[in-house]
Amino acid sequence: MSTDARGWAARLSWTALAVPVSAALTALGFGLVYGAAQTPVGWRNTMVLGFGGIVALGALAGLAFVLYDLRDESNAVREIAVAVCLALTMLGCWSALKYEVLHERGRAVRAVVTALEPSSGVYDASTEAVLVDAAHRRPLGAIGAGHLAVGSELTVTVDPRGRYGVSAGPPPAPRRWLWKVTALIATLQALLTASLGFSVAKEREPRPRRGASHPPVRPVGDSPH
C-alpha cells in the first residue's frame with residue numbers, strides 16, 4: 001500500500017472512530033438527564049449534581065485524550081463547539097422530557113398568589129409570585145410574577161410526583177419539535193467530532209525530517225563518470 005493510501009486509510013479510520021465516541025457522549029448526556037428527571041427534585045439533588053458533574057468531566061476528559069492528544073490551535077473552536085453542542089443536547093432533552101411528563105401526568109389546579117418576592121436566582125432580578133391552592137392549604141411553589149398581584153387567581157399545572165416545578169396554565173402539549181432540534185444538534189456534534197478525528201489523523205502522520213537531503217536528479221541519458 002502506498003504512503004498516500006495508508007494516510008487516507010488512517011484519516012478515515014480516525015474519522016469513523018470519532019462518530020461512535022460522539023454518540024456515546026450524547027447517550028451519556030441523555031442518561032444523566034433522564035436519571036435526574038426520575039428524582040423528586042431533579043438537578044437540585046446534590047448527589048445527582050455531583051455524580052453528573054464527575055461523569056461529564058470524565059467523559060470530556062476521555063474525549064480529549066482520544067481526539068485532542070495532539071491538539072492544534074486551529075481545532076480549539078471546534079472543540080468548544082462540541083462541548084456547547086453536548087450541553088445544548090442535554091438541555092433539549094431535559095426540556096422535552098419535562099413537557100412530556102407534564103402533558104401525560106400534569107394536573108391543572110386553581111392557585112392564588114399570596115406574596116410577591118424577589119427571584120431566588122443568582123442572575124435573575126425579576127419578581128416571583130408565591131402560590132398556594134385555592135383552599136389556602138397547600139403551597140404550590142412560585143412562578144414569574146409578570147402582571148400578577150397578591151390575591152390574583154390563575155390556573156397552574158402541578159407535577160403530582162414533584163419532579164418539575166409548577167408552571168402557569170393548563171397541562172402543556174408535548175413539544176415534539178424539541179426532540180427534532182436536539183437530534184439536529186447531536187448530528188452537528190457528531191460531524192464536528194468526526195472532523196476533529198480527521199484532523200488528529202493528519203497530525204499523527206509522519207513528517208519529513210528537517211534538513212534531510214535528497215540526491216540530485218540526474219538528467220536522462222547521463223552516465224556516471
Side-chain angles (χ1 to χ4, degrees), residues 28-60 80-182 184-186 189:
L28 178 63
F30 176 79
L32 288 173
V33 169
Y34 188 80
Q38 300 307 306
T39 65
V41 292
W43 292 103
R44 291 171 290 175
N45 184 296
T46 305
M47 292 187 63
V48 171
L49 281 172
F51 179 77
I54 292 172
V55 174
L57 288 175
L60 291 176
I80 295 173
V82 169
V84 171
C85 285
L86 179 60
L88 291 177
T89 299
M90 296 175 67
L91 178 62
C93 289
W94 174 262
S95 299
L97 285 172
K98 173 183 177 180
Y99 287 109
E100 292 280 351
V101 170
L102 293 180
H103 174 73
E104 295 175 2
R105 296 193 295 266
R107 186 163 55 90
V109 299
R110 292 295 294 174
V112 179
V113 179
T114 59
L116 299 177
E117 298 179 352
S119 175
S120 58
V122 178
Y123 302 103
D124 190 357
S126 61
T127 304
E128 291 182 337
V130 181
L131 306 174
V132 296
D133 62 358
H136 292 265
R137 296 177 180 176
R138 182 166 62 98
L140 301 177
I143 61 173
H147 64 280
L148 296 174
V150 175
S152 299
E153 295 188 4
L154 68 157
T155 299
V156 297
T157 298
V158 177
D159 178 12
R161 299 185 181 183
R163 294 173 184 167
Y164 300 99
V166 63
S167 60
R175 304 197 176 180
R176 309 290 185 187
W177 62 268
L178 276 174
W179 292 114
K180 297 178 181 179
V181 172
T182 302
L184 290 175
I185 296 174
Q189 173 188 316

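Positions are given from 1, in the same order as the sequence printed here.
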Go through the structure and list residues passing salt bridge (Lys or Arg N to Asp or Glu O under 4.0 Å) with Arg176, not counting sequence neighbours. Glu100
Mind checking what makes salt bridge (Lys or Arg N to Asp or Glu O under 4.0 Å) contact with Arg175, not counting sequence neighbours?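 With neighbours one apart ignored, the set is empty.
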Among Ile143, Val156, Leu102, the one residue meeting side-chain contact (heavy atoms from CB on, under 4.5 Å) with Ser167: Leu102
Picking from Thr114, Val132, Leu131, what satisfies side-chain contact (heavy atoms from CB on, under 4.5 Å) with Leu140? Leu131
Side chains of Thr127 and Glu117: closer than 4.5 Å at any heavy-atom pair? no
Minimal non-hydrogen separation, [X] against [Y], with atom names:
X	Y	answer
Ala168	Leu154	CB-CD1, 4.5 Å
Thr182	Cys93	CG2-SG, 3.8 Å
Ala173	His103	CA-ND1, 3.8 Å
Pro171	Ala108	CD-CB, 3.8 Å
Leu148	Ala129	CD1-CB, 4.1 Å

Do Arg110 and Thr155 pair up side chain to side chain, a donor and an acceptor below 3.5 Å, judged on atom types alone?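 Checked: Arg110/Thr155 side chains pair up, N/O donor to acceptor below 3.5 Å.
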Side-chain (Ser152) to main-chain (Ala149) donor-acceptor, under 3.5 angstrom: yes
Donor-acceptor check, side chain of Thr157 to backbone of Gly169, threshold 3.5 angstrom: yes or no? yes
Find the distance between CG (Leu184) and CG (Leu88) and round it off to the nearest 0.5 Å.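 Atom-to-atom, Leu184:CG and Leu88:CG are 12.5 Å apart.
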Could you give the distance from CH2 (Trp177) to OH (Tyr99), rounded to the nearest 0.5 Å?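 Atom-to-atom, Trp177:CH2 and Tyr99:OH are 7.5 Å apart.
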